[in-house]
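Everything below concerns the one structure shown next.
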2 protein chains.
Amino acid sequence: VIDCVAMTLTSPRYIGVDVGGTKTLSVLVELPPHGGHPIVLDRELLPSRADSDEAVGMIVQAVTALMERAATVPAAIGVGLAGFVDRHGIVRSAPNTPGLVGMDVAGELGLRFDLPTLVDNDANCAAVAAHRVVARDVDSLVAVTLGTGIGGGVVLDGRLLRGANGFAGEPGHMVIDPDGPECPCGQRGCWETFASGTGLGRLAREAVVAGRAPNVLAAAGSVEAVQGEHVTDLLHTGDDGALEVFARFAGYVALGIANLILLLDPEAVVISGGLSAHGELLEHLVGAELDTRFATSVRHRNVKILVGPGGPESGAIGAAILGAHRQAG
Amino acid sequence: VIDCVAMTLTSPRYIGVDVGGTKTLSVLVELPPHGGHPIVLDRELLPSRADSDEAVGMIVQAVTALMERAATVPAAIGVGLAGFVDRHGIVRSAPNTPGLVGMDVAGELGLRFDLPTLVDNDANCAAVAAHRVVARDVDSLVAVTLGTGIGGGVVLDGRLLRGANGFAGEPGHMVIDPDGPECPCGQRGCWETFASGTGLGRLAREAVVAGRAPNVLAAAGSVEAVQGEHVTDLLHTGDDGALEVFARFAGYVALGIANLILLLDPEAVVISGGLSAHGELLEHLVGAELDTRFATSVRHRNVKILVGPGGPESGAIGAAILGAHRQAG
């Protein structure tokens with residue numbers, strides 16, 4: 001009993017919320033001192049909502065549920081979402097939760113719960129979680145989240161790089177082919193038109209049209225219906241067409257990562273997000289591509305490439321860690 | 001007389017050496033305290049040498065000449081060169097001075113003169129000079145040097161970003177077109193195959209072959225002889241063909257800069273190097289391209305684009321400033 005009390009006193013608890021495209025995962029986390037491994041004590045999964053009141057309401061509902069079940073008040077709350085949050089805490093873009101744009105979500109939640117609260121980009125959360133959970137021995141890393149788009153977060157000298165406006169580390173719209181596919185952002189050939197889930201789907205449709213992935217077409221039913229999942233679902237069967245598409249996709253992942261390495265010279269690159277579920281294969285393909293095609297640009301660097309090490313709760317854990325940073329200072 | 005003595009006591013002097021492709025410029029610089037504007041007291045211009053002994057000998061000759069003429073011993077020496085210098089001070093690549101690869105040039109010079117000495121990438125020197133001389137009011141900037149290739153240096157929170165291996169901030173081999181021209185590095189479509197002096201020459205030859213730049217062809221004599229200079233020499237005449245080529249070149253400069261802004265979110269981007277001599281035109285073209293084509297990726301950012309503000313001595317001045325950092329730290 002004494003041990004339990006001591007642990008409660010020395011390891012404060014935080015709530016981290018990861019607002020995803022369809023679901024919002026909230027966790028109650030104990031953060032042991034001296035950078036110890038976070039311990040998830042409880043979790044709450046709710047649907048995400050686009051409307052501003054409903055989106056905030058869903059976060060309030062999750063935080064309240066976690067607090068009531070644990071009969072505890074966390075030391076701080078952190079929220080991660082897809083999009084840009086500026087240095088003043090105002091959400092400036094939020095593709096999954098457009099209703100939150102222009103809002104000071106942290107301010108609203110902070111008033112509601114009377115607790116230090118921070119809202120940040122979800123890839124920044126993933127970067128901080130990766131640094132604490134899987135890459136504690138490095139001072140610098142780049143975290144890349146491959147989902148519907150591509151998010152990014154950069155840790156340098158152990159600290160999250162925020163940039164002049166709070167928008168640093170967003171490589172999804174890095175142009176890697178000026179004549180490439182149109183991106184919803186208005187540019188052509190952004191990295192995420194190739195190396196995201198959306199990009200994988202496009203590469204798959206190209207292969208299907210060229211007759212190179214018949215089983216992908218069979219699984220989807222029609223060219224128009226082909227998605228990235230039809231490729232990833234077939235990978236374990238060793239299907240040649242699916243493997244070829246995935247290898248091409250991995251080549252684009254490697255290209256963007258090589259660009260990031262050139263600019264930031266990190267000790268590690270951590271890939272997370274939905275597509276990192278195929279971690280071993282992706283790690284192998286990306287590593288091989290970096291060793292050959294990008295040999296010159298990444299030589300002498302010995303950068304570690306880690307795919308999907310954090311697990312599906314790492315975004316929410318990272319949000320909790322950023323909440324702790326907010327509380328500390 | 002008293003003022004002079006006081007200034008000498010409070011403003012230590014440094015020697016900065018900028019080893020260029022053909023010439024080595026060395027300066028004796030006074031660095032006033034509290035980040036004051038550097039004062040160049042004397043300069044020495046010598047040819048660059050590729051051979052290791054001759055290259056080091058030329059630096060020794062320049063430093064000795066500056067010391068003898070001023071009858072002074074500097075507080076430290078800084079040397080900038082094109083290439084990579086690792087965290088241990090070993091030159092790992094040096095296209096202009098290949099004889100220096102593998103050498104601890106700073107160690108040799110330090111022993112020779114018994115002074116704190118540092119050798120660093122020339123674009124890092126340009127970044128530090130830009131931060132002190134033209135962008136003192138910003139905490140973060142990216143410096144891009146457009147010469148035969150493209151160099152880069154990144155200042156974040158007022159400090160030079162070095163990276164895990166000392167190689168951070170090297171955007172020249174960032175791939176911006178996977179099907180682009182072959183680069184001597186072995187990749188295709190590196191930024192510097194488009195946006196360097198070499199790239200400008202290639203774009204000019206393409207325009208000449210397409211019959212779009214007859215006066216550039218006339219100036220060069222033959223397609224094979226066309227270089228970037230044939231374009232820049234014609235700019236002041238308002239030649240349509242030269243302007244079209246330069247605008248296309250500026251578009252590629254802007255594309256890479258947009259990518260850097262996405263990743264680093266700096267307050268300012270400083271463009272220096274030989275091509276920045278056409279500063280006003282380049283600044284206008286790059287700014288316009290960023291405002292339109294890259295509007296989404298750089299929106300909300302208000303980043304300052306400064307072209308060629310440092311002048312031709314900024315690399316050597318930056319080397320002196322880095323020497324001062326070395327002495328201090």
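Keep in mind that the numbers below use all heavy atoms, side chains included, and drop hydrogens, waters and symmetry copies. Naming convention: chains lettered A, B, ... in sequence-line order (proteins, then strands); numbering from 1 in each chain.
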What's the spacing between [X] [atom1] and [Y] [atom2] if we round to 0.5 Å?
| X | Y | atom1 | atom2 | answer |
| --- | --- | --- | --- | --- |
| A/Glu170 | B/Leu262 | CD | CG | 8.0 Å |
| B/Asn165 | A/Asn302 | CG | CG | 7.0 Å |
| A/Leu156 | B/Arg159 | CG | CZ | 9.5 Å |

Option among B/Asn259, B/Leu260, B/Ile261 that satisfies the side-chain contact (heavy atoms from CB on, under 4.5 Å) test with A/Met174: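 One option only clears the test, and that one is B/Asn259.
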For the pair A/Leu264 and B/Leu264, evaluate side chain to side chain contact (heavy atoms under 4.5 Å, CB included) and give the outcome as yes or no after the intermediate values. CA-CA 9 Å; A/Leu264 298 165; B/Leu264 296 166; 3.5 Å; yes
If you count heavy-atom pairs within less than 4.5 Å of chain B, which of A/Pro171, A/Gly256, A/Gly166, A/Pro178 leads?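 Heavy-atom pair counts peak at A/Pro178.
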Most contact-rich option vs chain B, by heavy-atom pairs under 4.5 angstrom, among A/Gly189, A/Ala164, A/Gly163, A/Gly172, is A/Ala164
Bottom line for B/Asp157: the part with an atom under 4.5 Å from chain A's heavy atoms is side chain
Region of A/Leu255 that comes under 4.5 Å of a non-hydrogen atom in chain B: side chain
Interface moiety of A/Ile176 toward chain B, non-hydrogen atoms closer than 4.5 Å: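 Looking at A/Ile176, backbone and side chain both touch chain B.
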Using atom types as modelled and distance alone, determine if a side-chain donor or acceptor of B/Asp177 lies under 3.5 Å from a backbone N or O of A/Asp177. no
